[in-house]
Colleague: 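Pasting in a structure now, in C-alpha cells, and then I'll have a few things to ask.
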Amino acid sequence: MQEAVICVPMDRRLPRVRVRSSQLEQLLGKRFVVRCTGWEQTSTYPSAHVVRVLGRMNDLRAETDAVLVSAGVHWQPFSDLALAELPQVVTAQEWSLPEHEITNRRDLRGSEYFTCSIDPPGCTDVDDALSARQLPNGQIEVGVHIADVSYFVKKAGFLDGEAYARGTTVYLQDRRLDMLPSLLSEHLCSLRAGVDRCAVSVLWTLKADLSVESIWFGRSIIRSRYQLTYQQAQDLLDGKSPMTGARDMAVHPRDHAELRSRLQMLDKLTNKLRAARVENGALELEGGELSFETGSDGCPKKVEGKTPLPMMTVVAEMMIFANAAVAHRIAGAFPGAALLRRHAPPRPEGFEQVKELCKAADVTLNLSSNRALAASLEAACSASPQAASLIKSLATRAMSEAEYCSTGDIRPGGGGMSHFGLAMEEYTHFTSPIRRYADMVVHRQLLHAIQSDADQAMQLSLQGSESARAKPVMSHADLASAAGIMNERHRASKRAQKECSDLYLLLLLHSEAHIEAAVVYGVRPTSLLVFVPTLHMKGSVHLTDRAGLVRLPLTSPGQNTDDPFTISERRQFRLETGDKCASIVSVASGQVTFKAEPMDKVWVEVAAVGSTAHGPTLRIRLVSDHHPAVQAASRAVQAASEADYARRAQRAERVPGGPPAAEASGDQQGGESLRGRGQTPQGSSVKDKDDSAERQLPGAPEHHKAGRRGRKAAAEATTIAAVLDIHGDLHSKQHMGGLDDCASDTDVSAYAMQYCPVQLANYEACPGVELSADTEKASLLRTLWLTQLRAGKLSARANAAVTDSQRMTRLQTRLKGLLLKTLDLQRQCQAMTSALYT
C-alpha cells in the first residue's frame, strides 16, 4: 500500500512536494532526487516521484552529490563502447608512439629545448609545457606545448561523443569528474616528465627586443624534463634552491642554473606581454579562490585564500599568448566557422555598487571602454587601498560572462569577436584539451588549417594555381549549436565548483565561528552589507532582530544576546540609518556607540547555523573592538610587523659582508629578471602579495660595499622599503594636502612628526643610520612620500627637497630613478586575474 509524505527541497525558493511510495521508511533522513509529475489545481503541493537516493543527510559525499544535481552536472561512468576506443594496453607504460607517427611530427625532445611543465602540487592531468632557448643567431625561441588529445579522441567516435556531452572536467573539493578516461587524462595525454608525449606546439622566434619575427604551429613530440610546481619554479627564478614536497619532483642541482636561465627568458617576455595588454586596457580583477585543509574524515578543518605567486602570472601570460595566436590563425583560415572565446563589454546597470564605492573614494567610474574602466578601477583602489579587494571583487561579479561563439555569428554592431577583459581582438581556448572539449575543437580546426595550407602549397607547386579556401571542420550551424552546449556545460561546472566550495566553507563555519575583518560597502535600513576579504564572501549584518531590538556588537565568545538581561540592555539603544551611515545610539544619553559608513573596516563573527532540510546557513554578526579575538588579532598583526622589522634589520646588518656564494651567483644570473618582476634578491622573504614595497624596491650594488657608508646605505634602503610597506597611509589625500602647505624642510619635519613618529622611530632604530638634524629627517620623509606618487604627478619641489647632505642626495636620486619601474611593476605583481576570462 502506498503512502504519501511531504518532502522539503534543499532550495528554499522551491515549494514542498508530495511523494507517494510503498517504501517511505527508506527515505527518512536521506538526500534524494525527485521528478515532479504534475500539480493538480485542488492540491496544495505538486506531485513527484523518487528518481534516486543520494545518501544520508549530513554525509559529505551525499551533500556534494546534491550540489552536483542542483548545479546541473550529470556524470556517469564511461560506456564500454567509449572505453573500447582507447589504446588496448593494461598499463600506460606499455604504450608507445608508432614510428610512422614520429616521422610526421616535429621532434622537440632534444636537450636544447629543456621543456618543463609548471602546475599546482599533485597535478596529474598536465595539459601544457613550456620551453625557451637562445638560438645561435642571438634570437630567442619560446614554445607552448599542449597535449595532443585529438590524436587519441577521433571525431564522431563514441569517446568523442561522451567528451562532448560532459563538456569539461569538474573540479570539486573532494574529487575530480574527468571529461576523459583516466588512461588518457592522467597518463597517455598528460605531459608527464621523462616520457615521450604527443603535443600540438606553438613556437615563436623572437628578435632581441622580444618582438615576434615568426611563428610555427604544428604537431610535435616532446619529452618534458621536469614537472615543476609553481613554488619550485618561483624559487628557481628567485635564485633559490627549489623546495620539494612529498608529491613534488626533485630538481637536480646541476640543472638549477639552466632552468633559471630559461625561466628568466619567459619572465622577461611575459612582463612585456602583460604590460602591453594592460596598456591596451586589460582589467586587473579578482576572483577569490579558497583552499581547504581536510581531516581524516574528509570534513574541512581549515580554510585559507590561495596565495598567488608571480610564476602563476608567467604561465598564465604564456597561455594567453598561445590562445591569441591560435585564435588569429583559425579565424583567418575559417572566417565563418572558427570557435572563438568572446567577452562582451559589461552592462552599466551591473556596476551600481561599484559606482557607489568609487564615488566614496572621489573617483568617477568610466565604462566607456576597457581602458577607461581599468584606469578608474585602479584610481579607486589607489585612493582606498583597504577596499581594493572589495572593489575588484564587485567589478568581477558585475562583468559580462565570456562565452564560446562561431565567427559566423559576428555581425556589425554586435560587439565583434573581441575579449573585453583581456583586451584581445581575437581569443580562444587552445591550452587545456584534457579538461575542455572546446580546446579539442580548436585543435582540430588548427590542424586542419595547417594541413589545408600544406595541400594548397603542394597544388600551387604542381599546377601553378591555388585551390579554393579550405572547408571548415564543422559548419557554422553545427559549431554555433556546439558552442551553446559548451557554454552551458562550462556554466554548470563553475556553479558546481562554487557551490561545493560554499558547502565546505559553511560546514567549517558551522563547526567553528571565525572572527574576521570586513569592509562595509552598503547601508540598508536595518543592516550593513559587508565584504570579508579573507573568505572572499559578501553578506548582510542584521543590526536588529525580528522584534526590532538593536543587535549590539559581540564582546565575548559564545555570548547569548537573547537572555533577559541582554534584552533589557538592548532596549536602551536605538538604530539610526541613512543612505550612507548606520549608527547605534544610546537612548538615554544620545551617545553614538557604533557607527559605520561605506568603506569602513569592521570586525564580524562569521558563522553558520544548522538546518536539517536545507543545510547550514550563513550568519554574520558585528563584533566589538574589545572582543578577545579582535584583541588577539591586533596583537598578532603588531607582533608580525615587529618581527618583520627585526628580520629586515638583521638582513641589513648582514649585507656589507656580502651574501654567500650561492646567493651571489643567483643574483648575478637572475638580477635582471628579478628587477623586471619587482622581486627581492635571495635571502629576503616576502610573505604577502601586499608586501609591495619590498618587492618593488630591488637591491642596489651599493649594498655590497664594505664600510660604514655601505652599512648605512643598506640600512636606509631596507628601512625605506619597510616604511613604505607597512605605513601606506603616508600618501593619503589629507596628509598630502598638509605636506603641500609646508614652506620649508623644517615645516615638513614638524608636520611629519605629528603623523609619522613610528616611521622615524623605525628608521632611527636601524643599525648604521644616523639622522643628524630635523632637516635630514624632513629630507627622508619627503623622499618616502614622493615615491608613492605616480610618475606623471611628481612635484618639482622633489628636486630641491634634499639639500642637507651628499649622502641623502644620492639616496634621493637613486629612489627617483627607481620610481618609474616601481609604479609600473605594481600592476605586474598583482594576483593572476587573467584566469577569470580564460
Side-chain angles (χ1 to χ4, degrees), residues 1-76 165-166 170 172-175 177 299 484-485 487-489 491-511 524-527 537-540 542 544-548 562 607-620:
M1 179 179 177
Q2 287 191 340
E3 297 178 308
V5 293
I6 302 301
C7 301
V8 181
M10 290 187 66
D11 191 336
R12 297 175 185 270
R13 298 170 297 180
L14 299 178
R16 298 182 180 188
V17 298
R18 177 185 289 109
V19 172
R20 295 183 181 275
S21 174
S22 59
Q23 299 177 335
L24 292 179
E25 65 279 358
Q26 297 183 11
L27 300 180
L28 294 178
K30 301 287 183 64
R31 294 282 186 208
F32 50 90
V33 182
V34 301
R35 183 184 301 276
C36 289
T37 56
W39 195 340
E40 298 179 3
Q41 292 184 351
T42 57
S43 175
T44 306
Y45 307 105
S47 300
H49 68 267
V50 177
V51 176
R52 61 189 175 105
V53 178
L54 301 177
R56 299 196 62 82
M57 287 191 298
N58 299 322
D59 176 76
L60 193 56
R61 182 76 178 207
E63 299 292 349
T64 307
D65 285 341
V67 165
L68 293 174
V69 173
S70 64
V73 174
H74 308 287
W75 188 90
Q76 296 293 331
R166 286 168 168 79
V170 182
L172 305 177
Q173 299 297 331
D174 61 338
R175 62 193 129 143
L177 305 180
C299 294
I485 293 175
N487 286 329
E488 178 53 40
R489 297 293 184 269
R491 285 190 288 266
S493 173
K494 289 175 61 177
R495 284 196 302 268
Q497 294 175 42
K498 176 66 168 60
E499 291 179 16
C500 185
S501 178
D502 290 346
L503 171 65
Y504 270 63
L505 181 58
L506 289 173
L507 290 175
L508 178 63
L509 297 176
H510 183 252
S511 62
R524 297 292 181 264
T526 60
S527 63
M537 67 159 49
K538 295 192 303 180
S540 298
H542 294 284
T544 61
D545 59 15
R546 294 182 179 180
D562 295 323
V609 293
S611 170
T612 303
H614 305 290
T617 304
L618 182 66
R619 185 193 66 187
I620 306 178

Colleague: Is the CZ atom of R175 crowded by more than 12 outside heavy atoms at less than 6.0 Å?
Modeller: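 More than 12 within 6.0 Å, yes.
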Colleague: Are R495 and V73 side-chain neighbours, meaning at least one heavy-atom pair lies under 4.5 Å?
Modeller: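 Counting from C-beta outward, R495 and V73 never come under 4.5 Å.
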Colleague: So, R61 and D59, do they make that salt bridge, N to O below 4.0 Å?
Modeller: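 Between D59 and R61 there is no salt bridge, as every charged N stays at least 4.0 Å from the carboxylate O atoms.
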Colleague: Minimum heavy-atom separation for T64 and C500, please, with both atom names.
Modeller: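 Between these two residues, the closest heavy atoms are CG2-SG, 4.1 Å.
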Colleague: Report the C-alpha distance between V50 and Q26 in whole Å, list the side-chain angles of each, state the deciding distance to 0.1 Å, and finish with yes or no for side chain to side chain contact (heavy atoms under 4.5 Å, CB included).
Modeller: CA-CA 11 Å; V50 177; Q26 297 183 11; over 6 Å; no
Colleague: Are the side chains of L27 and V5 in touch, meaning some heavy atoms are under 4.5 Å apart?
Modeller: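 Not in contact.
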Colleague: When you measure from the side chain of R20 to the backbone N and O of H49, does any donor-acceptor pair fall under 3.5 Å?
Modeller: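 Judged by distance alone, no pair lies under 3.5 Å.
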Colleague: Restricting to non-hydrogen atoms, name the atom on V53 and the atom on F32 that form the minimum distance, rounded to 0.1 Å.
Modeller: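 Where V53 meets F32 most closely, the heavy atoms are CA-CB, 3.9 Å.
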Colleague: What is the distance from atom CZ of R31 to atom CG of N58, rounded to the nearest 0.5 Å?
Modeller: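 Answer for the CZ-CG pair, R31 versus N58, is 7.0 Å.
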Colleague: Do L503 and E63 have side chains that approach each other closer than 4.5 Å (heavy atoms only, starting at C-beta)?
Modeller: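 Yes - at least one pair of side-chain heavy atoms lies under 4.5 Å apart.
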Colleague: I would like to know whether V17 and C36 meet side chain to side chain contact (heavy atoms under 4.5 Å, CB included); could you show each step before the answer?
Modeller: CA-CA 8 Å; V17 298; C36 289; 4.1 Å; yes
Colleague: To the nearest 0.5 angstrom, please state how far the CE atom of M57 sits from the CG atom of L28.
Modeller: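 Rounded to the nearest 0.5 Å, the CE-CG separation comes to 9.0 Å.
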Colleague: If I take atom CG from residue L506 and atom OG from residue S501, how far apart are they, to the nearest 0.5 angstrom?
Modeller: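 Between L506 CG and S501 OG, I get 9.5 Å after rounding to 0.5 Å.
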Colleague: Search all heavy atoms of P15 against all heavy atoms of P9 and return the closest pair with its distance.
Modeller: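 P15 and P9 have their closest heavy atoms at O-CG, 3.5 Å.
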Colleague: Looking only at heavy atoms, what is the nearest atom pair of A492 and A71, with distance?
Modeller: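 Heavy atoms only, the tightest pair is CB-O, 3.5 Å.
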Colleague: For the pair H614 (side chain) and M10 (backbone), establish whether a donor and an acceptor sit closer than 3.5 Å, ignoring hydrogens and angles.
Modeller: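 Confirmed, H614 side chain pairs with M10 backbone.
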Colleague: What do you reckon, is CD of E25 surrounded by more than 12 foreign heavy atoms closer than 6.0 Å?
Modeller: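 Atom CD in E25 is crowded, with more than 12 foreign heavy atoms closer than 6.0 Å.
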Colleague: Would you say V67 and L172 make side-chain contact, with heavy atoms under 4.5 Å?
Modeller: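 The answer is no, as the side chains (C-beta and beyond) never meet within the 4.5 Å cut-off.
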Colleague: Using a distance-only test with no angle check, is there a side-chain donor-acceptor pair under 3.5 angstrom linking R524 and S540?
Modeller: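 No, no side-chain donor-acceptor pair sits under 3.5 Å.
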Colleague: Stepwise, does the side chain to side chain contact (heavy atoms under 4.5 Å, CB included) test hold for Y45 with I6?
Modeller: CA-CA 8 Å; Y45 307 105; I6 302 301; 3.5 Å; yes
Colleague: Looking at every heavy atom in both I620 and G539, which two are closest together, and how far apart are they?
Modeller: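 Closest pair (atom of I620, atom of G539, distance): CD1-CA, 3.8 Å.
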Colleague: Roughly how far apart are R18 CZ and T44 OG1, rounded to 0.5 Å?
Modeller: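 The OG1 atom of T44 is 7.0 Å from CZ of R18, to the nearest 0.5 Å.
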Colleague: Inspect the surroundings of NZ in K30 and state if more than 12 heavy atoms from other residues, nucleotides or ligands are less than 6.0 Å away.
Modeller: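 Above 12, so yes.
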Colleague: Between Q497 and S493, do the side chains contain an N or O donor and an N or O acceptor separated by less than 3.5 Å?
Modeller: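 A donor-acceptor contact under 3.5 Å links the two side chains.
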Colleague: Tell me yes or no: between the side chains of T617 and R12, is some donor less than 3.5 Å from an acceptor?
Modeller: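 Result is yes, a qualifying pair exists.
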Colleague: At what distance, to the nearest 0.5 angstrom, does CE of M537 lie from CG of L618?
Modeller: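 Result: 5.0 Å between the selected atoms.
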